[in-house]
Amino acid sequence: MDRTKKRDAVDTLGASGVNRGHFPRVSRQLSVAAALLAGASLTLGCWDNRLPPRKLPTEQNQAGLPRWYPEKPWSEQSGEAQIFIEGKIVFDTGRAIIRPGSDKVLKTLLQFMGDHPEVSRLRIEGHTDARAAEDKNLELSAERALAVANWLVDQGVDPVRLIAVGFGEEKPLAPNEFEAGRSDNRRVEFHVAEVNGRPFLGRDPYAGGFALDVLSTEERKKRAAEALMKRLPPPPPQYKATGNEVKEYDRKKREQDIKKRAAPENIAPSPTSEPVNQAPPAGQQGKAQPSGGGG
C-alpha cells in the first residue's frame with residue numbers, strides 16, 4: 001500500500017463513528033498504565049531510600065573498648081596527661097574491693113610504670129555515678145583509687161610515685177539517668193602528674209581531688225595491726241604466783257604472840273557470864289537479906 005492509501009485509511013477510521021469510539025477506551029487504558037507506572041516508580045524510590053538492616057553485634061564486638069577509651073599510647077611529647085589503657089577496673093558494688101577480671105588493666109599499668117621511669121608521679125583518679133550521697137561517693141572514689149595504688153605498691157612500685165585521689169560524681173562522662181551512662185561514669189583514670197620531678201604541663205599534680213596517703217606495704221600492715229589491737233578488749237593482768245618462798249620459822253616470836261593473846265587483859269568477857277561484885281539495887285542497901293527456908 002502506498003503512502004496515499006495509508007493516509008486515506010487513517011482518515012476513514014477517523015471519520016467512522018464506530019472506530020472513533022475506540023480512542024477514548026485506549027486513552028483510559030493509557031491513563032491507568034501511566035498511573036500504575038507512576039506508583040511503581042514511587043514505590044521503587046522508597047525502597048531505594050531505605051537503609052540496609054543492621055547486623056546484630058557479635059560477642060567479639062561487644063567485648064571491645066568502652067567508647068570513652070580511645071586507643072593511643074602516651075608520650076611526653078603528646079601533650080596529653082591521661083593514659084589510655086584497654087579495659088576497665090571493676091569493683092564490688094559500693095566497696096573498694098577490686099573484682100577478678102581487672103588483672104589485664106592492672107598489669108598493663110604496672111608495665112607502663114616500669115617502661116616510663118621518667119614519670120615520677122602518677123595520679124590515679126576514682127570516679128562514681130550519682131546514685132548515692134555526694135560525700136559517700138567522694139570517699140568511695142578515693143578508696144577505690146587507693147586500692148589500685150596499693151596493688152601497684154605490692155608489686156614493687158615506689159609509693160612516692162603514686163597519688164590516689166577521688167572526685168566522686170563531680171566529673172561524669174555520660175548522663176546518670178541511664179544505666180549505660182552510669183556504667184561509664186564508674187571508672188578509674190590514670191594521669192601523668194609529674195615528669196622528672198616537675199609538674200607535667202604545669203598543672204596541679206592532685207588536680208583538686210580528695211587525696212589519700214599511699215603507704216608502703218610494711219606501713220599498711222603495721223597500721224592495720226594497730227587498728228586491730230584498738231578494737232580488741234584489753235588482755236587480763238598477768239598472773240603472778242606468790243607463797244612459794246620458804247620463810248624461817250621464829251619459834252620464840254611465835255611463843256610470845258601466843259602468851260600475849262592469852263593475857264587476861266586481852267581476853268574479852270563472855271556475854272553469858274554473871275557480873276562479879278554486882279552492887280545491890282537501890283533502896284535495898286543496909287537491909288538484912290532473908291535467910292533461906294523459914295517455917
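When reading the values below, keep in mind they use all heavy atoms of this one structure, side chains included, and skip hydrogens, waters and symmetry mates.
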- Message: For G197, is there any backbone N or O sitting under 3.5 Å from a side-chain donor or acceptor partner on S120?
- Response: yes

- Shortest non-hydrogen pair, S102 vs K88, comes out as OG-O, 4.1 Å

- Task: Tell me, please, which residues at least two apart from R123 pass salt bridge (charged side-chain N to carboxylate O under 4.0 Å, His left out).
- Result: E125

- Message: With rounding to the nearest 0.5 angstrom, report the CH2 to NZ distance, W151 to K107.
- Response: 7.0 Å

- Tell me who clusters with L215, hydrophobic residues only, linked when side chains sit under 4.5 Å apart either directly or through other members. none

- Is V160 reachable from V195 through a run of hydrophobic residues whose side-chain heavy atoms are each under 4.5 Å from the next? no

- Item | I98 with M113, same ILVMFWY side-chain cluster at under 4.5 Å | yes

- Pairs flagged by salt bridge (charged side-chain N to carboxylate O under 4.0 Å, His left out) wherever residues 94-104 is involved - sequence neighbours left out: E86-K104, D92-R99

Extract all donor-acceptor atom pairs below 3.5 Å that involve side chains of residues 163-176 and protein atoms in other chains or at least two apart in sequence.
residue, atom, partner, partner atom, Å
E169, OE1, N137, ND2, 2.7
N176, OD1, A130, N, 3.3
N176, OD1, N185, ND2, 3.0

- Which residues satisfy the side-chain contact (heavy atoms from CB on, under 4.5 Å) test with K230, sequence neighbours excluded? none

- Would a 4.5 Å heavy-atom cut-off, applied to side chains only, mark L138 and E134 as touching? no

- Task: Using the side-chain contact (heavy atoms from CB on, under 4.5 Å) rule, pick out the option among E179, R187, R182 that qualifies with D129.
- Result: R182

- Report the residues that fulfil salt bridge (charged side-chain N to carboxylate O under 4.0 Å, His left out) with E177, sequence neighbours left out, ordered by chain and then residue number. none

- Within residues 110-119 or reaching into it, pairs that qualify as salt bridge (charged side-chain N to carboxylate O under 4.0 Å, His left out) - sequence neighbours excluded: none

- Message: By the salt bridge (charged side-chain N to carboxylate O under 4.0 Å, His left out) test, which pairs, at least two apart or in different chains, include something from residues 200-221?
- Response: D154-R220, E219-R223

- Item | Partner residues of F112 under the ring-ring contact (aromatic ring centres under 6.0 Å, His included) criterion, sequence neighbours left out | W74, H116

- How close do A145 and G126 get, heavy atom to heavy atom, and via which atoms? CB-N, 3.9 Å

- Task: Answer yes or no: is there a side-chain heavy-atom contact under 4.5 Å between I124 and V214?
- Result: no

- Item | Qualifying residues under side chain to side chain donor-acceptor pair (under 3.5 Å), relative to R161, sequence neighbours excluded | none

- Would you say L140 and F91 make side-chain contact, with heavy atoms under 4.5 Å? no

- Note on the structure: Interatomic distance, CD1@I85 vs CG@L109, rounded to 0.5 Å, equals 4.5 Å

- Task: Nearest 0.5 Å please: distance from the CD atom of E139 over to the CZ atom of F210.
- Result: 6.5 Å

- Task: Not counting sequence neighbours, which residues clear side-chain contact (heavy atoms from CB on, under 4.5 Å) with T93? List them please.
- Result: none

- Can you get from V90 to V188 by hopping between Ile, Leu, Val, Met, Phe, Trp and Tyr side chains that sit under 4.5 Å apart? no

- Any side-chain heavy atom of L122 within less than 4.5 Å of one from I83? yes

- Query: Taking only residues two or more places apart in sequence or in another chain, which ones pass salt bridge (charged side-chain N to carboxylate O under 4.0 Å, His left out) with R198?
  - Reply: none

- Report yes if some heavy atom in the side chain of E76 is under 4.5 Å from a heavy atom in the side chain of V192; otherwise report no. no

